[in-house]
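This structure is a prediction, so every number in the text was calculated from the model and none was measured.
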Amino acid sequence: MNNPSNRAEPNKRDTMNRLLAAARQIFAQKGLAGARVEDIAREAGVTKQLVYHYYGSKEVLFSTVLDDASQQIMQELIAFEIDHLPPEQALRTLLNCCFDQYMEDPLLGALALEGLRYHEAADTRPNSFASQSPALAIKFSSVLQRGIKAGVFKPDIDARLFLASSALLMSGGFTNHYTMSVLVGFDTTSKEGMRIWREHSANFILNSIRK
């Protein structure tokens, strides 16, 4: 005979997954300030009281959405297999993966931008992005060191600075869409605009470290 508690746990997970999916959509569209718990609850098909029961506040729900998104993208990048590729090809492949995460998820750029505002304005709790960034830095450093050893990359590259600069450039067309589009003269989120920005960004980064 089935234990009722065993049935309840999957139902709770399903409810929380629906809540996170609804919150992700609404936070990306309206930001933290503009999003309403009532709208998120309605979209998820639950009561507002249940949202507060699970998460306590709108801010905690938002930080959970950010943490969930960060965990997914960081784990994908860290696990991405590039060790079999020559250093320059490996780095370009990894950079393209960074870009493609934003290209394939139209909500990610808006969430990332709203997350920047949130983390800069609040004393936020530890999150997946902060805890997993050292592992991603090690992955970038490994590729850089292979390239230095092979004589194709400059020897004086700071891996953490390089990672930060690369992340800004690869994601800039999504997280700062308006400014970047005005400056370059095309929509960086259009199909052609993304193709151009993806290729340009990777080329720019690689040219900066080629020996």
Are Phe62 and Tyr55 close enough that their ring centers fall under 6.0 Å?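 Aromatic pair excluded; centres sit 6.0 Å or further apart.
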Taking all non-hydrogen atoms of both residues, which atom of [X] and which atom of [Y] are closest, and how far apart?
X	Y	answer
Ile205	Met170	CD1-SD, 3.7 Å
Ala69	Leu108	CB-CD1, 4.3 Å
Tyr102	Ala112	OH-CB, 4.0 Å

I'd like to know if the side chain of [X] reaches the main chain of [Y], judged simply by a donor and an acceptor atom lying under 3.5 Å from each other, with no hydrogens or angles considered.
X	Y	result
Glu114	Leu32	yes
Ser190	Asp187	yes
Asn203	Glu199	yes
Ser141	Ala137	no
Ser165	Phe162	no
Thr188	Gly193	no
Thr15	Asn11	yes
Ser63	Val60	yes

Could you give all pairs that pass the salt bridge (Lys or Arg N to Asp or Glu O under 4.0 Å) test and reach residues 152-178, with sequence neighbours left out?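 Residue pairs passing salt bridge (Lys or Arg N to Asp or Glu O under 4.0 Å), neighbours aside: none found.
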Report yes if some heavy atom in the side chain of Ile209 is under 4.5 Å from a heavy atom in the side chain of Leu91; otherwise report no.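 Yes, side chains in contact.
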Side chain to side chain, Ser166 and Leu95, heavy atoms closer than 4.5 Å: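 Yes. Closest side-chain heavy atoms under 4.5 Å.
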Any residue meeting side chain to side chain contact (heavy atoms under 4.5 Å, CB included) with Ala167, in chain and number order, not counting sequence neighbours: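 Not a single residue meets the side chain to side chain contact (heavy atoms under 4.5 Å, CB included) criterion with Ala167.
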Can you sort out the partners of Thr93 under side chain to side chain contact (heavy atoms under 4.5 Å, CB included), two or more places apart, ordered by chain and number?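 Only Phe80, Ile82, Leu85, Gln89 meet the side chain to side chain contact (heavy atoms under 4.5 Å, CB included) criterion with Thr93.
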Around atom [atom1] of [X], are there more than 12 heavy atoms of other residues, nucleotides or ligands at under 6.0 Å?
X	atom1	value
Lys30	NZ	no
Gln75	CD	yes
Phe129	CZ	no

Passes side-chain hydrogen bond (donor to acceptor under 3.5 Å, both in side chains), Glu43 versus Gln25? Steps please. CA-CA 9 Å; Glu43 182 69 22; Gln25 181 81 31; over 6 Å; no
My understanding is that only residues two or more places apart in sequence, or in another chain, count here; which of them pass side-chain hydrogen bond (donor to acceptor under 3.5 Å, both in side chains) with Asp105?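 In terms of side-chain hydrogen bond (donor to acceptor under 3.5 Å, both in side chains), with neighbours along the sequence ignored, Asp105 is linked to Arg24.
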Test side-chain hydrogen bond (donor to acceptor under 3.5 Å, both in side chains) applied to Asp100 - qualifying residues, sequence neighbours left out: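 If we apply the side-chain hydrogen bond (donor to acceptor under 3.5 Å, both in side chains) test to Asp100, skipping adjacent residues, the hits are Arg198.
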Between Phe174 and Met194, does a side chain to side chain contact (heavy atoms under 4.5 Å, CB included) hold up when you go through it step by step? CA-CA 9 Å; Phe174 300 96; Met194 286 190 289; 3.5 Å; yes
Cationic N near anionic O, under 4.0 Å, Glu38 to Arg42: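 Result for this pair is no, no salt bridge flagged.
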Ignoring hydrogens and angles, write down the donor-acceptor pairs under 3.5 Å from the side chains of residues 45-52, residues two or more places apart or on other chains.
from: Thr47; atom 1: OG1; to: Leu50; atom 2: N; distance (Å): 3.1

Residues Asp68 and Gln72: side-chain donor-acceptor under 3.5 angstrom: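 Result is yes, a qualifying pair exists.
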